[in-house]
Amino acid sequence: MTKLRFTAAALTIAAFSGFSVSTAQSPTNRAVGQQLPAGQPSTLSGQAIQQQPGSPTAQTGQHPTYQASGQSQQEGLTVKEAIVQKLIKANEAEIELAKLAQQKSDNEELKQLASTIIKDHQQLNQTMQQHAGNRSSSGHSESGLTNQNQKVSGASHSQSATVPEELCKIAEQACENALKMNKEMLGNYEGQDFNMAFLGQQCVAHTMMLAELNAIESNGPKELQQLASEAANKVESHLDQAKKLAKKLEDDRKSRS
């Protein structure tokens, strides 16, 4: 039965682990939605897009936004900010679930693991906050404005490429939904069943986070690659400890039976 709890916990969050960093715009799509100073002609695929007198852009002086397939792209976070925001939400979820484990578990080794998870993920979030970026009062990211000398047809930097606002909101809501569902699932168990359910959930959560951090280290913004590498080391350590403790608890159960 406890092994079933472990498996059920793992399956519960497998589909609710949040958005992968692959949802960020590709180099081809980054040109779409690129911000340029008002009054400057903008180009896309070699064609000039001229501001028309009396247009909303000309009247308000706001930064023009490229359009794709006739639909305007709402300004969102920069790619770097979106990645950091998702990681912060994931860390917060791990901290909250580990605190729940400290309250409900009767196993000292599991409580010690939960304490380590809380400490490490709090430290990770403190570091990630330094990369979260500053949003101006208008909601624009100061680091996301395009340099006037940067050409849209050239390579886009993570500071200027943006992720649609709707996608950021969906990713954030998905993280919140997953946390709520996991708390409800873990709330159904007590004693040894809770211990195995929590460890199963942690194995899946840390596997998904480790995979994402490895992807950021390989293909993410350069300014986040070192951070991702350091975070991956801690996450991998948590994963190994959770696996070993789960096996130990299962072996103990088998020996008693």
Between [X] and [Y], what is the shortest heavy-atom contact and its length?
X	Y	answer
Ala132	Glu81	O-CG, 3.1 Å
Ala228	Ile216	CB-CG2, 3.8 Å
Ala114	Ala101	CB-CB, 4.2 Å

Excluding sequence neighbours, so at least two apart, what forms salt bridge (charged side-chain N to carboxylate O under 4.0 Å, His left out) with [X]?
X	answer
Lys89	Glu176
Glu236	none
Lys247	Asp251
Lys104	Glu190

Gap between atom CG of Asn233 and atom CG of Asp120 - 0.5 Å precision: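 Going from CG on Asp120 over to CG on Asn233, the span is 11.0 Å.
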How long is the straight-line distance from CD of Gln122 back to CD of Glu92, given to the nearest 0.5 Å? 10.5 Å
Please name all residues satisfying side-chain hydrogen bond (donor to acceptor under 3.5 Å, both in side chains) with Gln226, sequence neighbours left out, ordered by chain then number.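 Partners of Gln226 by the side-chain hydrogen bond (donor to acceptor under 3.5 Å, both in side chains) criterion, ordered by chain and then number, come out as Glu230.
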Can you name the side-chain hydrogen bond (donor to acceptor under 3.5 Å, both in side chains) partners of Lys169, sequence neighbours left out?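 Residues passing side-chain hydrogen bond (donor to acceptor under 3.5 Å, both in side chains) with Lys169: Glu165.
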Name the residue from Leu113, Ile118, Leu110 that meets the side-chain contact (heavy atoms from CB on, under 4.5 Å) definition with Gln102. Ile118
Relative to the ring of His121, is the ring of His238 parallel (under 30°), tilted (30 to 60°) or perpendicular (over 60°)?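 Because their plane-to-plane angle lies in the 30° to 60° range, the rings of His238 and His121 count as tilted.
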How about [X] and [Y]: does a side-chain donor come under 3.5 Å of a side-chain acceptor?
X	Y	value
Asn195	Asn107	no
Glu94	Gln202	yes
Asn125	Gln129	no

Tell me whether the count of non-hydrogen atoms from other residues, nucleotides or ligands lying under 6.0 Å of NZ in Lys111 goes above 12. yes
Okay, side chain of Gln225, backbone of Gly220: is any donor-acceptor separation there less than 3.5 Å?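 A pair under 3.5 Å: yes.
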Applying side chain to side chain donor-acceptor pair (under 3.5 Å), run through Asn177 and Gln173 and close with a yes or a no. CA-CA 6 Å; Asn177 291 346; Gln173 186 64 58; 2.9 Å; yes
